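Values below: all heavy atoms of this structure, side chains included; hydrogens, waters and symmetry mates excluded. We're numbering straight along the sequence, starting at 1. What you are looking at is a predicted structure, and each value in this text was computed from that prediction instead of being measured.
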Amino acid sequence: MDLTNENPTCSSKHNPAGPERKPSKEDDKLSVISWNVDGIDTDNLAERARGLCSYLVSYKPDVVLLQELIPPYIRNLKKWAVHWAYTLIEGGEDGYFTGMLLKNSRVTLLESEIVIYPTTQMTRNLLVAKVSFKGQELWLMTSHFESCKENGEERMEQLRLVMKRMREAPDNVNVLFGGDTNLRDTEVAKVGLPSGVFDVWERLGKQEQCRYTWDTKANTNTRIPQICRFRFDRVYLRPATREGVPHLAPDHMALLGQQKLQCGRYTSDHWGILCCFSAE
């Protein structure tokens, strides 16, 4: 599985990222992709992994937050990261796990940690990276919350832990979370978001075209007959509040991965999320 091909069309007759609108790459903007890449589905995995890398080459995001990575995927992603000058942070080693990619020319890693969810039954955790972006400290978080409808109570506990971490961060730090939360709206309503933390999709006007990130009506990778449409993948932001410190504000969101590859499947059973943020 060679993911370092410089040609972004390596996995498709047409660049899979081509038809989708790219944001401006002004220097003061932070670009972030969050994506559950469904590494546990090993069918067409090499082509699907190259599909992911095609998007990364096309958009050149500052930060990439990934879920459902597996060791073979990581081994080749490491080669890609070296080739394209990104730092790779791993959220695990066995089974499937999360990871981050940081663009070396724009984002500097200060430290990272893995926070274990104490009552998870699926070895889920929170990956945290403290970084510097344009000279200011930024905390990045990603996670893959407990799966399946019946595990709502555990999901809500994991959301509470993440929200506590975001809320308690210093007021001169912007904090950004992106990941596959598996959350239902009713679960979020029960937990509530703390003051100062908001859902980026909601803040940008609840655009219908970005609502469903796991959508079996549009995405046929799972091959299940039922139509299931959920906003499992979410991005949360807690801007810095200290006077005189630039705070992040979202200005764009789009879904990625909606073009089929040559194999007739999509990059993942989840759509990816692309977000851009301005510093105000």
Checklist entry - Quick one: do the Q67 and T142 side chains pair a donor with an acceptor below 3.5 Å? => result yes
Checklist entry - Looking just at side-chain N and O atoms, do D180 and N36 make a donor-acceptor pair shorter than 3.5 Å? => result yes
Checklist entry - When you check the side-chain N and O atoms of W271 and N219, is any donor under 3.5 Å from an acceptor? => result no
Item to check | Test side-chain contact (heavy atoms from CB on, under 4.5 Å) applied to P61 and V32, L101, L56, the passing residue | outcome: L56
Item to check | Q207 to W201 - nearest heavy-atom pair and separation | outcome: O-NE1, 2.9 Å
Checklist entry - Near Q121 CD, under 6.0 Å, is it more than 12 heavy atoms from other residues, nucleotides or ligands? => result no
Next on the checklist: I'd like to know if K190 and D185 make a salt bridge, using a cut-off of under 4.0 Å between side-chain N and carboxylate O.
Outcome noted: no
Checklist entry - Would you say E153 has more than 12 foreign heavy atoms packed within less than 6.0 Å of its CD? => result no
Checklist entry - Side chains of T120 and E146: donor-acceptor distance under 3.5 Å anywhere? => result yes
Checklist entry - Can you list the residues that meet the side chain to side chain donor-acceptor pair (under 3.5 Å) rule with N174, with sequence neighbours excluded? => result none
Checklist entry - What class does the angle between the rings of W35 and Y55 fall in, given that below 30° is parallel, 30 to 60° is tilted and above 60° is perpendicular? => result perpendicular
Next on the checklist: Under 3.5 Å, is there a donor on one side chain and an acceptor on the other for T213 and D233?
Outcome noted: yes
Item to check | Any side-chain donor near an acceptor of the partner, D171 and T241, under 3.5 Å | outcome: no
Checklist entry - Is the closest basic N to carboxylate O distance between R234 and E202 below 4.0 Å? => result no
Checklist outcome for this item: So side chain to side chain donor-acceptor pair (under 3.5 Å) across residues 92-102, not counting sequence neighbours, yields Y96-R124
Checklist entry - Do T119 and E154 get their side chains close enough for a donor-acceptor pair, meaning under 3.5 Å? => result yes
Checklist entry - Is there a side chain to side chain contact (heavy atoms under 4.5 Å, CB included) between N182 and N151 once you walk through the steps? => result CA-CA 10 Å; N182 281 306; N151 291 317; over 6 Å; no
Next on the checklist: Just to verify, what does E208 make a salt bridge (Lys or Arg N to Asp or Glu O under 4.0 Å) with, not counting sequence neighbours?
Outcome noted: R211
Checklist entry - Got more than 12 heavy atoms from elsewhere within 6.0 Å of CD, Q209? => result yes
Checklist entry - Would one find more than 12 heavy atoms of other residues, nucleotides or ligands at under 6.0 Å from atom CZ of R229? => result yes
Checklist entry - Which atom names give the shortest non-hydrogen contact between R265 and N221, and what distance separates them? => result NH2-O, 2.9 Å
Next on the checklist: Under a plain distance cut-off of 3.5 Å, with no hydrogens placed, do D251 and S278 share a side-chain donor-acceptor pair?
Outcome noted: yes
Checklist entry - Got a salt bridge between K149 and E187, using NZ or NE/NH1/NH2 to carboxylate O under 4.0 Å? => result no
